[in-house]
Amino acid sequence: MISQVAIAVVEHAGRYLVGVRGDDVALPGRAEFPGGKCDPGESPRDAAVRECLEETGLAVVPVELLLEKSHAYPHGALRLAFWKCRPANPFDVREKHAGFRWVDAAELAALDFPEANAEVIRVLVGGG
């Protein structure tokens with residue numbers, strides 16, 4: 001069975017909100033954008049907004065679907081929807097949000113993201 005996963009790629013002032021996966025989840029220690037599995041009947045767009053708020057405490061507004069793709073990991077098959085988002089209120093932006101921090105776009109390629117993120121990282125750093 002394929003799990004639908006929504007990812008909030010949150011951009012503010014040329015920087016992106018990035019965290020590190022915990023030891024209690026698949027792909028521990030890897031970089032990640034806020035996100036997670038969609039609830040039954042929930043759209044990936046809505047799930048990206050919900051997951052970002054739950055994981056970071058930052059309310060966001062979806063701007064556009066950057067990429068949708070399927071990827072198979074040893075722990076399961078995923079259908080990923082990467083939603084570019086912006087903070088709902090720029091005054092709510094802090095340097096850190098519950099373990100997530102702001103990273104310049106140019107730094108994204110140097111971080112250890114899971115394989116399924118490679119294409120969206122290329123888009124964000126300007127490599128198409």
Side-chain angles (χ1 to χ4, degrees):
M1 179 164 167
I2 297 176
S3 295
Q4 177 69 58
V5 174
I7 299 166
V9 181
V10 185
E11 188 271 335
H12 177 72
R15 300 187 308 161
Y16 293 89
L17 198 55
V18 177
V20 176
R21 297 181 62 79
D23 292 335
D24 58 339
V25 296
L27 306 170
R30 307 290 290 273
E32 69 173 349
F33 296 113
K37 291 182 181 174
C38 296
D39 289 338
E42 183 180 37
S43 72
R45 179 181 185 269
D46 292 344
V49 171
R50 175 184 54 77
E51 287 283 350
C52 187
L53 183 61
E54 288 176 3
E55 292 182 5
T56 71
L58 182 65
V60 296
V61 174
V63 175
E64 68 175 311
L65 180 63
L66 289 171
L67 176 69
E68 196 163 16
K69 67 177 287 180
S70 295
H71 191 85
Y73 284 108
H75 62 271
L78 306 175
R79 180 77 182 154
L80 300 119
F82 293 87
W83 275 90
K84 185 172 185 178
C85 300
R86 63 172 174 75
N89 184 345
F91 294 108
D92 291 338
V93 173
R94 299 183 310 274
E95 195 54 38
K96 292 194 176 192
H97 292 273
F100 285 76
R101 64 185 176 91
W102 296 99
V103 174
D104 288 330
E107 296 176 49
L108 292 175
L111 298 177
D112 187 20
F113 280 94
E115 295 81 14
N117 293 41
E119 190 175 346
V120 80
I121 297 298
R122 280 194 300 276
V123 169
L124 296 174
V125 298

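The figures that follow rest on heavy atoms only: side chains count, while hydrogens, waters and symmetry mates do not.
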Solution key, residues 1-10 side-chain donor-acceptor pairs under 3.5 Å, sequence neighbours excluded:
from	atom 1	to	atom 2	distance (Å)
Gln4	NE2	Arg79	O	3.1

Pairs under 3.5 angstrom only: tabulate donor-acceptor contacts from the side chains of residues 106-118 to other protein residues two or more places apart or in another chain.
from	atom 1	to	atom 2	distance (Å)
Asp112	OD1	Arg30	NE	3.0
Asp112	OD1	Arg30	NH2	3.4
Asp112	OD2	Arg30	NE	3.2

Show me the side-chain donor-acceptor pairs of residues 98-105 shorter than 3.5 Å, one per line, residues at least two apart or across chains.
from	atom 1	to	atom 2	distance (Å)
Trp102	NE1	Arg94	O	2.8

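Across every non-hydrogen atom of Glu51 and Gly35, the tightest pair is OE1-O, 3.5 Å. For Ala31 against Val18, the heavy-atom pair with the smallest separation is CB-CG1, 4.1 Å. Contact record, Cys52 with Pro34: CA-CB, 3.9 Å, taken as the closest heavy-atom pair.
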Pair Thr56-Leu17, side-chain contact (heavy atoms from CB on, under 4.5 Å): steps then yes or no: CA-CA 9 Å; Thr56 71; Leu17 198 55; 3.9 Å; yes
Determine whether Arg86 and Glu11 satisfy the following criterion, side-chain contact (heavy atoms from CB on, under 4.5 Å), listing intermediate values before the conclusion. CA-CA 5 Å; Arg86 63 172 174 75; Glu11 188 271 335; 5.7 Å; no
Residue pair Phe33, Ile121: steps toward the side-chain contact (heavy atoms from CB on, under 4.5 Å) verdict: CA-CA 11 Å; Phe33 296 113; Ile121 297 298; 3.8 Å; yes
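Between Ser70 and Leu80, the closest side-chain pair of non-hydrogen atoms is not below 4.5 Å. Contact of the Arg50 side chain with the Glu42 side chain is registered, since non-hydrogen atoms from C-beta on lie closer than 4.5 Å.
In Lys69, the NZ atom is crowded: over 12 heavy atoms of neighbouring residues, nucleotides or ligands sit closer than 6.0 Å.
Residue Phe82 is not grouped with residue Leu53 when hydrophobic side chains (ILVMFWY) are merged at heavy-atom distances under 4.5 angstrom, including chains of intermediate members.
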